[in-house]
Asker: 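For reference, the structure I am asking about is given below.
In what follows, chains are A, B, ... by sequence order, proteins preceding strands, each numbered from 1.
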Amino acid sequence: MAQPVSFLSDFGTQDEFVGVVHGVIYRLSPASRVIDITHGITPGDIRGGALALTRAIQYLPPGVVLAIVDPGVGTPRKALALETAAGFFVGPDNGLLSPAVAMVGGAVAIHAIENREVMIEGPGNTFAGRDVFAPAAGLLAAGEATLADLGPELDPGQVLPLMLPLPKVEESAIHGEVLWVDWYGNVQTNIGPEDLAAIGVGPGESVEVRVGASAHEGRFVTTFGDVAVGELAIHVDSAGLIGIAVRGGRADEEISLASGRPLSFRRS
Amino acid sequence: MAQPVSFLSDFGTQDEFVGVVHGVIYRLSPASRVIDITHGITPGDIRGGALALTRAIQYLPPGVVLAIVDPGVGTPRKALALETAAGFFVGPDNGLLSPAVAMVGGAVAIHAIENREVMIEGPGNTFAGRDVFAPAAGLLAAGEATLADLGPELDPGQVLPLMLPLPKVEESAIHGEVLWVDWYGNVQTNIGPEDLAAIGVGPGESVEVRVGASAHEGRFVTTFGDVAVGELAIHVDSAGLIGIAVRGGRADEEISLASGRPLSFRRS
Amino acid sequence: MAQPVSFLSDFGTQDEFVGVVHGVIYRLSPASRVIDITHGITPGDIRGGALALTRAIQYLPPGVVLAIVDPGVGTPRKALALETAAGFFVGPDNGLLSPAVAMVGGAVAIHAIENREVMIEGPGNTFAGRDVFAPAAGLLAAGEATLADLGPELDPGQVLPLMLPLPKVEESAIHGEVLWVDWYGNVQTNIGPEDLAAIGVGPGESVEVRVGASAHEGRFVTTFGDVAVGELAIHVDSAGLIGIAVRGGRADEEISLASGRPLSFRRS
């Protein structure tokens, strides 16, 4: 039975790239549904793509995950196809797949996509999404190929991991960074609720957020509705990490945060 | 038999929100097609979302409408599931669904989505699209739940309506406002062709459009092709309301119009 | 059996236009999958839409192609439905379909969509995508209509071609122009690899790119990885044309290129 394909990329929506990949998959596996996770990853932002995929993965149907953020296209970076307990993953060997694969329990097999017979022979070699990744995803989804048909098995140690920054918890402060600013201006940090607990901040209590030379007062609440309009709501976000929101506003603008920016929390 | 889900939101296309909702629906109702009406509603713009849904509704297949523009997420606003002659509607209780539901003849039953067993228990409570609305839509589409399974019935009077501005027709002028500026810069007003007739403007005749302190000459025509390039075409738009277009240009820029801006028409 | 519909437009993703067209197609042909090629064509950019469709066409499944970039909506331009060896094409008669139809071997029959019974009778006549093109595509995809059901046959000579600029090859220089700048800032020219060969530029050799008064040094390489970060990679792109990329950067910004801009290549 044909499996669904969940597809994430930095292709944007301006060009025909996404449609062409859909076309290639349809031709190989017409009964597979394709779910577009997002194609709005910042061009070349491997970490941003990996984090989005990791946040989404447990809500996607078992099947094939096709993820393409591939600034190294046209260099010797490998093309990967992995099998996990949650299905297949297809994408470049640059760390993009690693956190999501880890989240579903790791790979049981990893192959490089190298066999020319499973690729589309297109002009140029700049559109690996179309010529290499989509055919592999389509064949796996259709049950028309095994990993071994795509290319040689790799050792897990040969695959690039993705280093994600860990917060540093001191006695009275946590130093972390911004992982993600969403469409609404809500901010996700790399800090967990257990870190806040470790510095003694409990539900309903005040927290100081330091960004650069500025300090901002927030409250650790359960829902946005627990703070007044315009106030900082420090909360557990939809991925289980500490988020920063401004009720009725944009936290990224109010306190100058962007992906990768360091920040710290302190009791106040 | 699985029903299609028509899905509108202000989620944008940058993050994985839309894909996650598709994933949740797929897992509950794999045979349901999901039609993305649009996810480009301005964040938090309930009126803009309600109007887009109302313009689209009669062209969508019967099934489930899932609409999420939810600035009140995390506050005690209710989550609704309604049944109408045209199918089910799922979304927040903030007026977003009201005009479209009215257009298809009103609700025959209204329930609040409150039963925890039909929700996804995710971290945080900021992504009701994933945890509350998508599961309800998926279960209804699959025929796996009734409204009563989702939560208690509500009285129609408990549901928030949406107030849409009515034009004021005087003897020689109509005072209205802009409802929508589309991607091409075409403008939709809240004024109907019967209002133009009431001030004596007939097909082919000139109309004056006043915006702030400026007056602009237009002609009430059947098609864009009836005016010269650069001229204002006052016309009945694709939703049956009076629209303003500039042939070969953008009406919003030419005469400074934006959603919510007041304007008036006069015979000239 | 229902055929898939591949859909390209300049509708953007902000409004409900794309969703409404999906709805109309679903109602007429519920078993047809709809592949969105892209809806990000610059509003009214017929050439841009035609080129995107041409680059995509060979990767799409046989079925119905629905393409709408229609600045002449509301003028007497015809609505077309064509049959080719690769399936049906539906769209406005403004050149949009012509290069893609030529690429699949030309039309075996061309009809104008004129019969009112196959159209949706909506208010206004500004949304031909909904009222004229989508119903035609849906009926053809469902096998519920033949071309003759849509309207009268046309002579190929009655259909608008699209003039694409040809490069001018001199003894030591090629004069061409930019066809497309993609999401990543990579540039596609209207120049082919055989043109570079004609002026004596072989693989691995240097090329001078002149844009306006500026000259830039590049190298004609097989893959992006063959140049250093920041260098110009002149390469055969994914459509078989000469492309210009900057490894790790945006060629459009580095050397001031945009769609339609003239440039020339010289041996250096």
Asker: Taking all non-hydrogen atoms of both residues into account, name the closest pair between B:Thr75 and A:Gly225 and its distance.
Answerer: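 Minimum heavy-atom separation between B:Thr75 and A:Gly225: CG2-CA, 3.9 Å.
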Asker: Count the heavy-atom pairs under 4.5 Å between each of B:Gly19, B:Pro123, B:Gly124 and chain A, then report the option with the highest count.
Answerer: B:Pro123
Asker: Report the option among B:Thr13, B:Asp131, B:Asn125 that has the most heavy-atom pairs separated by less than 4.5 Å from atoms of chain A.
Answerer: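 Most pairs with chain A among the choices: B:Asn125.
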Asker: Let me know if B:Pro30 has heavy atoms under 4.5 Å from chain A in its side chain, its backbone, both or neither.
Answerer: backbone
Asker: Name the option with the most non-hydrogen atom pairs under 4.5 Å to chain A; the candidates are B:Gly72, B:Pro71, B:Gly74.
Answerer: B:Gly74
Asker: Looking at A:Ile57, A:Thr222, A:Leu53, A:Val221, which one has more heavy-atom pairs under 4.5 Å with chain B than the rest?
Answerer: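 Highest number of pairs under 4.5 Å: A:Thr222.
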Asker: If you compare all heavy atoms of B:Gln14 against all heavy atoms of A:Val181, which two are closest, and at what distance to 0.1 Å?
Answerer: NE2-O, 3.6 Å
Asker: Just give me the residue among A:Gly40, A:Ser238, A:Ala239, A:Pro4 that pairs up with chain B most often, heavy atom to heavy atom, under 4.5 Å.
Answerer: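 Among the listed options, the one with the most contacts to chain B is A:Ser238.
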Asker: Where does A:Ala233 contact chain B at under 4.5 Å (heavy atoms): side chain, backbone, both or neither?
Answerer: neither
Asker: Taking atom CD of B:Glu121 as the centre, does the number of heavy atoms from other residues, nucleotides or ligands within less than 6.0 Å exceed 12?
Answerer: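 Open.
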Asker: Given that the side chain runs from C-beta out, which part of B:Val21 has a heavy atom under 4.5 Å from chain A: side chain, backbone, both or neither?
Answerer: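 The answer is neither part of B:Val21.
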Asker: Is the closest side-chain donor-acceptor distance between A:Trp180 and B:Asp15 under 3.5 Å?
Answerer: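 The answer is yes; a qualifying pair exists.
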Asker: Would the distance check show the side chain of A:Arg33 and the main-chain N or O of B:Ser32 forming a donor-acceptor pair, the cut-off being under 3.5 Å?
Answerer: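 Between the backbone of B:Ser32 and the side chain of A:Arg33 there is a qualifying donor-acceptor contact (under 3.5 Å).
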Asker: Given that the side chain runs from C-beta out, which part of B:Asp36 has a heavy atom under 4.5 Å from chain A: side chain, backbone, both or neither?
Answerer: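 For B:Asp36, there is no contact with chain A at all, as no heavy atom is under 4.5 Å.
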Asker: If we define contacts as heavy-atom pairs under 4.5 Å, which of A:Val236, A:Leu8, A:Leu241 has the most with chain B?
Answerer: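 Of the candidates given, the most pairs with chain B belong to A:Val236.
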Asker: Closest approach of A:Pro61 and B:Gly23, non-hydrogen atoms and distance?
Answerer: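 In terms of heavy atoms, the two residues are closest at CD-CA, 4.1 Å.
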Asker: Grab the two heavy atoms, one from B:Pro43 and one from A:Trp183, that are nearest each other, plus how far apart they are.
Answerer: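 Heavy-atom minimum between the residues: CG-NE1, 3.4 Å.
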Asker: Please state whether the side chain, the backbone, both or neither of B:Ala128 comes within less than 4.5 Å of a heavy atom of chain A.
Answerer: neither
Asker: Does some side-chain heavy atom of B:Phe17 sit less than 4.5 Å from a side-chain heavy atom of A:Asp182?
Answerer: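 A:Asp182 reaches B:Phe17 side chain to side chain.
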Asker: For A:Ala56 and B:Glu16, which heavy atoms make the closest approach, and how far apart are they?
Answerer: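 Between these two residues, the closest heavy atoms are CB-CG, 4.1 Å.
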Asker: Please check: side-chain N/O of B:Arg27 versus main-chain N/O of A:Leu60, any donor-acceptor pairing under 3.5 Å?
Answerer: yes
Asker: Most heavy-atom pairs under 4.5 angstrom with chain B, which of A:Pro62, A:Ala52, A:Gly12, A:Gly48?
Answerer: A:Ala52
Asker: Quick check on B:Arg77 against chain A: is it the side chain, the backbone, both or neither that has a heavy atom closer than 4.5 Å?
Answerer: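 Neither the backbone nor the side chain of B:Arg77 comes within 4.5 Å of chain A.
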Asker: In terms of heavy-atom pairs under 4.5 Å, which option from A:Thr42, A:Ile41, A:Ile37 contacts chain B the most?
Answerer: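 Option with the greatest count: A:Ile37.
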Asker: Give the ring-plane orientation class for A:Tyr184 versus B:Phe11, where under 30° counts as parallel, over 60° as perpendicular and anything between as tilted.
Answerer: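 Perpendicular, since the angle between the ring planes exceeds 60°.
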